[in-house]
There are 2 protein chains.
Amino acid sequence: MVCGWSSIDCVALADNLVHNAQLSSPDGDIVASFDIDEAGHPVYSVTYKGLPIVKNCRLGLTAKEVAADSKYTMECSDIASVDETWQPVWGEYAEVRNNYNEMSAMFRCSSGLDFDVKVRVFDDGLGFRYELPLSHNNYFLSITGELTEFNFVDDYTVFAIPGDYDTDEFLYTTSPISDLDNRLPRSRHSESTLIDGLAVQTPVIMKHPEGKVYVNLHEAALVGYPAMALDVNPQQLSFVSHLTPGADGMKAYVQLPFCTPWRTMIISDDARDILASQLIYNLNEPSKIEDTSWIYPQKFIGVWWEMFVGYGSWAYSDDISTRPGVTDYASVKPSGRHAANNANVKKYIDFAAQSGIKSVLVEGWNEGWETWTEGRKNRHFLFDKAYPDFDVEELSRYAKERGVKLIMHHETSANAADYERQLDAAFDFMNKYGYDAVKTGYVGYIIPRGEHHSSQWMNDHYIEVVRRAAEHHIMVNSHEAVRPTGLMRTWPNWVAQESARGGEYEAMGGNPPEHTTLLPFTRLKGGPMDYTPGIMETDLASHGHGNSSHPGTTIARQLALYLTMPSPLQMACDRPDSYLKYADAFEFIKVVPVDWRTSVYLEAEPGDYITVARQDKNSEDWYIGAITDENSRTAKVKLDFLPKGKKYVATIYADGKDADYRTNPKSYNIYSKNVDCKSTLTLQLAPGGGAAVQLKAID
Amino acid sequence: MVCGWSSIDCVALADNLVHNAQLSSPDGDIVASFDIDEAGHPVYSVTYKGLPIVKNCRLGLTAKEVAADSKYTMECSDIASVDETWQPVWGEYAEVRNNYNEMSAMFRCSSGLDFDVKVRVFDDGLGFRYELPLSHNNYFLSITGELTEFNFVDDYTVFAIPGDYDTDEFLYTTSPISDLDNRLPRSRHSESTLIDGLAVQTPVIMKHPEGKVYVNLHEAALVGYPAMALDVNPQQLSFVSHLTPGADGMKAYVQLPFCTPWRTMIISDDARDILASQLIYNLNEPSKIEDTSWIYPQKFIGVWWEMFVGYGSWAYSDDISTRPGVTDYASVKPSGRHAANNANVKKYIDFAAQSGIKSVLVEGWNEGWETWTEGRKNRHFLFDKAYPDFDVEELSRYAKERGVKLIMHHETSANAADYERQLDAAFDFMNKYGYDAVKTGYVGYIIPRGEHHSSQWMNDHYIEVVRRAAEHHIMVNSHEAVRPTGLMRTWPNWVAQESARGGEYEAMGGNPPEHTTLLPFTRLKGGPMDYTPGIMETDLASHGHGNSSHPGTTIARQLALYLTMPSPLQMACDRPDSYLKYADAFEFIKVVPVDWRTSVYLEAEPGDYITVARQDKNSEDWYIGAITDENSRTAKVKLDFLPKGKKYVATIYADGKDADYRTNPKSYNIYSKNVDCKSTLTLQLAPGGGAAVQLKAID
């Protein structure tokens with residue numbers, strides 16, 4: 001239905017100008033209104049079921065070339081309505097509905113920056129973006145800032161990580177907006193550039209003080225622009241866009257006409273709707289890859305966790321005078337601890353073949369690891385040169401014979417410039433040896449120096465890598481890249497990212513159980529995460545290599561994460577030996593799918609718990625995952641989402657009665673029962689625990 | 001001959017330490033001495049035939065990681081002597097003698113930066129470099145500066161251009177060192193970042209106040225390091241190394257062991273020796289390219305000068321909203337002035353074929369020229385996408401049929417980052433369509449932003465481009481790149497650079513005649529220049545397109561430049577129509593070689609005149625070129641360099657009697673006579689004029 005806004009939702013002024021133009025969601029629950037305030041500034045407000053969410057929020061951009069003009073007028077387009085479905089290449093749903101009302105508010109002024117705000121209001125939230133028309137003398141703009149505000153009416157509880165130009169590997173802080181300045185820790189780590197003052201990152205999830213509504217703030221389709229963090233004014237309950245600067249301090253260089261990324265608010269009074277929302281994907285462009293047949297969801301193991309727990313090293317030697325491409329590594333004394341050696345990699349290939357795991361990631365295979373975290377150089381790695389004890393030809397052959405794929409690893413040490421220098425050679429090398437997927441890494445401070453992980457140039461870089469990878473039929477799993485914004489819809493070969501504090505931190509101090517009850521409300525709204533679940537040997541010290549980090553999880557919870565942290569690329573992170581030790585639990589990892597026909601969020605509360613059921617895309621089987629925070633919990637799971645009359649065998653991987661992530665993480669029970677849509681499963685979750693269920697259809 | 005220094009040339013102290021270690025040139029004329037001064041600083045001095053040139057010059061580097069330690073000790077290595085010859089792929093000489101004495105002075109201190117100075121003293125000058133050993137705890141250094149001084153004993157006359165991080169396209173200033181601050185203009189242009197304070201660039205040529213000696217200061221083998229300019233202290237008659245900073249302000253990041261480029265002084269009391277010197281090539285590494293058979297010297301014409309004089313444009317349209325790779329240029333309204341169109345390019349191909357000119361450069365062939373000087377974007381060009389009216393497939397076929405090569409043009413707008421992004425695609429495109437050579441361009445401020453044309457990262461970039469080009473069997477002629485430092489020996493496919501104010505400025509205000517009497521003493525010591533001589537139509541206004549620039553040359557001088565500005569890649573820059581108009585003069589351009597068996601500098605004075613004779617590498621023929629400054633001159637050229645008994649027909653292209661670059665540049669005479677080694681040619685050079693002579697051997 002297309003309806004003119006002018007007769008219904010706004011106050012008409014002279015000369016086509018309007019005040020207070022409103023746009024509603026298809027179900028009418030969400031209303032976004034646009035206006036000019038008394039100072040002449042463009043502003044917007046949002047209500048949900050009549051409840052004011054944000055009010056009198058400034059809109060606009062600043063640019064070096066134009067004056068800040070305080071007197072704007074507004075015109076509005078007609079309202080357009082869209083209701084369509086599309087089929088993702090992979091994901092939580094085989095079909096996604098894209099249903100919204102859209103309009104443009106055109107803000108004009110005498111000497112400042114003219115801009116349109118295009119807004120789309122969905123039943124589960126809204127997105128708006130700035131569109132800079134080619135209507136004045138500036139064909140090019142140097143963007144110095146963005147004025148977008150989110151002025152909350154109430155003092156929401158925020159679950160947030162600190163604003164940082166270079167990393168998002170933080171734990172979440174829970175705080176009222178008004179107290180954020182006191183509660184938000186600001187601790188730096190290896191590639192950290194904390195934003196001055198009080199700032200948080202998106203995606204951020206917020207809860208109304210009386211629980212009336214949940215709001216996720218983020219952005220969609222981050223293309224040709226810096227990522228947005230949010231400066232916080234705790235007294236005003238206000239968040240303001242904070243764009244990451246480039247090397248010369250400028251936020252963005254743009255050629256007109258230009259559209260910014262969408263600024264998004266996912267809104268619901270039911271936390272489960274936040275998890276189910278596909279709004280951010282809907283605001284991204286359809287796939288640019290026509291033939292996607294070479295893209296496949298998969299599970300993988302890797303020569304990786306063993307380095308974290310201390311068995312081996314990425315580097316071939318201890319000789320820190322070595323240089324990739326210069327040193328003859330065959331003449332260097334090996335340390336004897338190099339994990340990516342032929343014999344070890346073959347063990348992983350054998351284990352993958354036996355387990356039906358598709359692929360093996362091998363880290364530390366290439367020249368350069370001896371001084372890989374050193375920023376004072378301009379070449380860190382070669383991406384087509386293996387260490388002497390990694391025979392890529394032989395290993396590729398060995399893997400192929402066993403129906404296993406090797407996954408490439410391109411750690412760049414954040415030297416994006418040199419990675420681009422080698423990109424074609426790197427991808428040609430992958431094609432030559434049959435690699436279909438690459439895990440990229442950006443640990444460290446960015447080269448080109450002065451750029452940031454989330455600055456405009458780097459955002460172009462990530463997409464360039466994915467685009468070129470697509471040309472080579474290569475899937476990309478980028479670590480330490482900018483937080484995702486749904487671009488996987490446009491580039492479905494971008495199968496996963498890290499871009500948050502991942503499972504690896506279980507070996508570096510541990511992740512509190514709460515962490516994975518928050519990531520699906522925050523980080524995952526932008527796209528799948530390579531979180532790397534699957535720890536079985538939760539006693540890291542038992543490996544005998546000096547790592548005494550205590551993971552914040554039970555074993556059963558690790559299985560549940562395959563459901564609550566959906567991704568088309570899922571690692572089974574632990575060592576094969578650990579899986580042999582817990583072979584019955586590992587059975588779940590072997591069978592759990594990574595691609596879904598549909599998903600049903602059954603219970604959810606940010607920071608507390610999530611229970612989700614998903615149907616395998618390629619069978620009638622369903623799977624359930626449930627996790628809790630540090631508190632034990634009983635999840636009563638009604639199976640009424642199952643088709644009527646159909647019988648299932650439920651295999652339940654549950655915490656043991658005495659399980660506790662602090663004291664007894666390895667206690668679990670596995671049991672089966674027959675169920676149908678009238679059944680209810682009662683899942684007892686230990687503190688820091690979880691449950692995983694396979695519902696196998698009986699033919 | 002190898003001799004120990006210790007018994008001869010230094011003062012021995014306790015514990016192998018020495019003072020005043022001296023190293024002489026093979027002929028004994030040049031003596032470099034190294035010492036520790038009273039403050040404990042490493043210093044050096046140089047004498048020539050007993051005349052002190054520079055004295056008590058500090059040596060050293062500073063780094064972020066180490067303290068500035070003022071108390072050094074010195075040890076010295078034995079002296080090694082080398083006398084060898086090598087064969088350049090192309091150049092002024094078919095064989096180059098490399099004859100020097102070498103030693104290392106090892107400077108050590110308690111807590112500062114240990115370094116060696118390796119010095120090589122040749123008969124025509126010396127070079128020294130810093131070698132940072134792997135002898136302490138710093139495997140990586142952040143170089144903050146270099147202390148190298150050149151403290152002249154006398155107030156030399158300097159011919160210099162201002163220090164600038166981004167350009168060397170300046171005219172020369174002639175001044176005593178002591179008055180440089182008053183005389184050196186500091187005018188910026190498009191990609192200029194003038195150094196604060198008083199600074200000059202290398203190569204710089206200097207003349208003793210009484211004419212006793214000439215000194216050229218420069219550097220050799222600029223690899224992995226920023227270029228060096230020279231801060232000037234006019235009162236002290238002193239020059240101090242000034243390294244170009246990178247984007248973060250740091251000068252260089254180096255991994256130890258590391259060698260800096262060589263700091264070079266070419267020294268002689270005969271100005272002709274400065275021109276003949278191959279010292280800078282000798283200090284570079286031998287060719288890294290094993291099979292050089294695909295590298296060939298050549299002359300070329302180009303769709304280029306016509307844009308300067310106003311016939312056409314680089315851009316296809318006037319639509320500045322166009323974007324390479326985004327816009328469908330076929331649907332854009334063409335301006336009608338696009339020079340690189342099929343019909344026009346075919347005219348050039350035809351003319352090249354008729355004239356025996358090997359190649360045709362075509363600029364403006366690819367998408368992006370509408371806003372190519374705009375810095376506010378991150379993609380300026382596509383390097384594999386032609387404008388709609390440039391049919392690369394058809395033009396390649398057309399050229400090939402006629403035995404003509406097309407030369408590729410990669411203007412990058414100084415967006416080196418995006419050039420690297422596209423480099424493989426660009427070179428693949430060239431290979432596909434049979435291009436053997438590329439002219440690269442770096443007009444504008446560098447992207448990655450904050451880098452400079454002469455900063456470490458960019459110096460890595462240029463070599464990376466040349467290295468990758470070599471893999472594709474592509475020759476490179478880089479414009480606006482860092483000044484050359486003899487790296488063409490190592491990468492002989494790097495056939496030429498611009499890196500100075502070139503012939504194009506004749507269409508932008510003109511080059512005073514003096515300019516080309518200086519470039520061979522300065523810029524050309526680093527490598528060949530694509531100066532683009534060959535202007536026949538000196539009256540630019542006569543083209544009727546509004547360019548009224550007055551070139552600082554006669555026609556005969558333009559011919560002489562093919563000898564005095566030697567390069568394996570020589571343009572005939574003017575339009576075919578101009579060559580048809582002056583067909584008899586053009587005959588010289590058609591026949592003059594671009595590669596030489598040997599060269600004899602007959603007369604030379606920086607800023608005044610140069611006369612040189614060269615023998616064709618591939619025949620018995622000789623060629624002579626003579627130029628003067630703004631003053632007329634008579635060059636009496638004894639032909640005693642010719643082999644005894646051999647007869648030659650001399651064809652002389654001389655200024656007319658009434659010629660004058662200001663008032664009558666087109667007046668010339670062409671005449672012939674028989675000559676032999678006993679003959680003397682008297683060449684009358686007009687103000688701003690020149691003469692070119694072909695000496696064709698009579699069989």
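Numbered from 1 within each chain, the chains take letters A, B, ... in sequence-line order. Computed from a predicted model, the values in this text were never measured in an experiment.
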K.L.:
I'd like to check A/R421 versus B/R468 (side-chain heavy atoms, cut-off strictly below 4.5 Å). Are they in contact?
P.N.:
yes
K.L.:
Report the C-alpha distance between B/E374 and A/Y139 in whole Å, list the side-chain angles of each, state the deciding distance to 0.1 Å, and finish with yes or no for side chain to side chain contact (heavy atoms under 4.5 Å, CB included).
P.N.:
CA-CA 10 Å; B/E374 174 55 60; A/Y139 282 73; over 6 Å; no
K.L.:
Of all the heavy-atom pairs spanning A/S142 and B/R376, show the shortest one and how long it is.
P.N.:
OG-CD, 3.1 Å
K.L.:
Would you say that A/E420 contacts B/E420 through its side chain, given a criterion of any heavy-atom pair below 4.5 Å between the two side chains?
P.N.:
no
K.L.:
Report the distance from atom OH of A/Y253 to atom CD1 of B/I447, rounding to the nearest 0.5 Å.
P.N.:
8.0 Å
K.L.:
So for B/I320, is it side chain, backbone, both, or neither that comes closer than 4.5 Å to the heavy atoms of chain A?
P.N.:
both
K.L.:
Tell me, out of A/M250, A/K377, A/R323, who's got the most heavy-atom pairs with chain B below 4.5 Å.
P.N.:
A/R323
K.L.:
Using non-hydrogen atoms and a 4.5 Å limit, figure out which bit of A/S455 sits close to chain B: side chain, backbone, both or neither.
P.N.:
neither
K.L.:
Does atom CG of B/D328 have more than 12 heavy-atom neighbours, drawn from other residues, nucleotides or ligands, at distances under 6.0 Å?
P.N.:
yes
K.L.:
Of the backbone (N, CA, C, O) and the side chain (C-beta and beyond), which part of A/E471 lies under 4.5 Å from a heavy atom of chain B, both, or neither?
P.N.:
neither
K.L.:
Can you tell me which of A/A416, A/S321, A/P448 forms the most heavy-atom pairs within a distance under 4.5 Å of chain B?
P.N.:
A/S321
K.L.:
Chain B: which of A/P257, A/A247, A/G450 shares the most heavy-atom pairs with it under 4.5 Å?
P.N.:
A/P257
K.L.:
Indicate yes or no for a side-chain donor-acceptor contact from B/Q255 to the backbone of A/N378 under 3.5 Å, with no hydrogens or angles considered.
P.N.:
no
K.L.:
So what's closer than 4.5 Å to chain A heavy atoms on B/D460: side chain, backbone, both or neither?
P.N.:
both
